[in-house]
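Chain A is the first sequence line, chain B the second, and so forth, proteins listed ahead of strands; every chain is numbered from 1. Heavy atoms only: backbone and side chains are in, while hydrogens, waters and symmetry mates are out.
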Number of protein chains: 2
Amino acid sequence: MASSLVPETRPLHIHHLKAACSNCSVLELCLPIGLSGPEVERLDTLIVQRFKVKKGTALYRTGDPLLSLYAVRIGSFKTSMLSVDGREQVTGFHIPGEMLGLDAISGDEHACNAFALEDSEVCPIHFAQLEKLAQSLPSLQHNLNRLLSREIVRDHSMLMLMGNMNSDERLAAFLLNLSQRLSIRGYSPRDFVLKMRREEIGSYLGLRLETICRGIAHLRDQGLVEIAGREVKILDMEGLKQLVAGCQRPQH
Amino acid sequence: MASSLVPETRPLHIHHLKAACSNCSVLELCLPIGLSGPEVERLDTLIVQRFKVKKGTALYRTGDPLLSLYAVRIGSFKTSMLSVDGREQVTGFHIPGEMLGLDAISGDEHACNAFALEDSEVCPIHFAQLEKLAQSLPSLQHNLNRLLSREIVRDHSMLMLMGNMNSDERLAAFLLNLSQRLSIRGYSPRDFVLKMRREEIGSYLGLRLETICRGIAHLRDQGLVEIAGREVKILDMEGLKQLVAGCQRPQH
DNA sequence: CCCCCCTGTTGATTTACATCAACCACACGT
DNA sequence: ACGTGTGGTTGATGTAAATCAACAGGGGGG
């Protein structure tokens, strides 16, 4: 298995996204279960109504009751927890084809906040109905289990990053991870736009925003990337990978 | 919901553990689903044969195929990931009544190592059979979902700890968390024994072992705890809680 | 159009923790 | 009994990142 910083590759390419005009194809992106015919129709019934979320607004907040999970269709989100004294910890960024809300299953209420980083669109998946449907579709249930477990693996790799990597390594790992996830979804792995602020990257990586700026400067000085504002161009993918190679989980 | 550093209280007390002479009562501790009669018997069939794991030996290792999840019956475990260049990141400690192996579901192979911190005993739960059984027992499936989701919430709180807390706060949070989990299982929340070394606590909290020692000294100087070697006595539970109050997720 | 706020960048200084090092207690094996 | 190894504690010093601070660019609203 690939390191969590380099998510496991699945056979999904741009034509899948391009074809995503129905609700269900996004669902299949998140819960790729290989259904057919009438089963697809049953899956479709889970989706109440896909809807838009404006930049900066909350899709849900800590404590909201769990009604639906959400598949990101268009745009991007950050999830974050707020401490009593007001510090924010960003726990993840989510791009199209990824699922939001898994941490709510535990207590029937959302355990974090989800904010749109840009004008976005999601497919809500009514959770109680999903569980009900999963009863009669074993492969759907299995994929839900895997989805939850994958999130755990991802979080463990973040703990490894927080525990063992220095600031430049964290930043490189972040960029590589994002690049790979975008690539899986059919976007360019070398040229992309950061939808979040430096401060949010910093919170996610356990660093201050100034440290992110300096890290960017370091990577630029080494000729690994070209970053102007939020526009990223990766010049030396192998160089970036070498930077984080030692501090990651062995591949396979 | 309680902060992950203070796990949610469930109605489980020492008499549950004391009565744990069958395999199944440990399972019910992990997957408390309120089954009865013939359903319990079906659950029993999942358990191949409970077995002992000697101190210092591996229950499983990264890359091992997923055969079973494991419920800790007696003793304790650490789970850890090893980076390419040999650094260890401890991702969790596990006491009786807790489940091991959830991160393996994602890729059908274990994504971390699990080592016994003392002579221990586990109940293996054959995963393929568990999934099969869960199909016909919705409440079992629901509880598996919750178990997975709870692990995600726990990991997010660890990320918050790594991102926002200083060394003394992390140590206090660690002690409080352990205290609470032991309490739920029927052990004393004020007096307990650390089964792991300082170095392992450090790895878990993203600190060096010397920093753990100094943190212990600080907490002792403030009259909050008495720690001699691995024997812990919590003197001022409220004081400890105040120390971490500001940097945690709001309760409820 | 201009102003102001938000975001990002870079420099100077401080600091919390890591690192290096010495030492102690204890358990275990001979 | 002794030597040896492992785990734990404490002190001195180094350093990576936080903090404090100044400033620049750009976009939106009046």
Tell me, with the steps shown, if B:Arg208 and B:Glu199 meet salt bridge (charged side-chain N to carboxylate O under 4.0 Å, His left out). CA-CA 7 Å; B:Arg208 302 279 101 179; B:Glu199 188 176 7; over 6 Å; no
Take atom [atom1] of [X] and atom [atom2] of [N], then tell me their distance rounded to the nearest Å.
{"X": "A:Asn166", "N": "C:dT19", "atom1": "CG", "atom2": "P", "result": "11 Å"}
{"X": "B:Met165", "N": "C:dA16", "atom1": "CE", "atom2": "C1'", "result": "17 Å"}
{"X": "B:Lys195", "N": "D:dG8", "atom1": "NZ", "atom2": "C1'", "result": "17 Å"}
{"X": "A:Leu219", "N": "C:dT9", "atom1": "CG", "atom2": "P", "result": "12 Å"}
{"X": "B:Ile227", "N": "D:dT9", "atom1": "CD1", "atom2": "C1'", "result": "13 Å"}
{"X": "B:Leu209", "N": "C:dA21", "atom1": "CG", "atom2": "P", "result": "15 Å"}
{"X": "B:His218", "N": "D:dT9", "atom1": "NE2", "atom2": "C1'", "result": "12 Å"}

Please check the phosphate of [N] (OP1 and OP2 only) for any side-chain N or O of [X] closer than 4.0 Å.
{"X": "A:Arg198", "N": "C:dT7", "answer": "no"}
{"X": "A:Arg208", "N": "D:dC20", "answer": "no"}
{"X": "B:Ser167", "N": "C:dA16", "answer": "no"}

Report which part of the nucleic acid [X] touches: base, sugar-phosphate, or nothing (heavy-atom distance under 4.0 Å, all strands).
{"X": "B:Arg230", "result": "sugar-phosphate"}
{"X": "A:Leu207", "result": "sugar-phosphate"}
{"X": "B:Gly202", "result": "nothing"}

Within the 6.0 Å centroid threshold, strictly below: A:Phe192 and A:Tyr187: no
Centroid-centroid under 6.0 Å between B:Phe77 and B:Phe115 rings: no
Between B:Glu199 and B:Arg214, name the one whose nearest nucleotide on DNA chain D is closer to the 5' end. B:Glu199
Picking from D:dG8, C:dT9, D:dT9, the nucleotide nearest the side-chain atoms of A:Ile216 would be C:dT9
Checking salt bridge (Lys or Arg N to Asp or Glu O under 4.0 Å) between A:Glu121 and each of A:Arg73, A:Lys54, A:Lys55, which is the one that passes? A:Arg73
Would you say that more than 12 heavy atoms from the other residues, nucleotides or ligands in this model lie under 6.0 Å from the CZ of A:Arg230, or not? yes
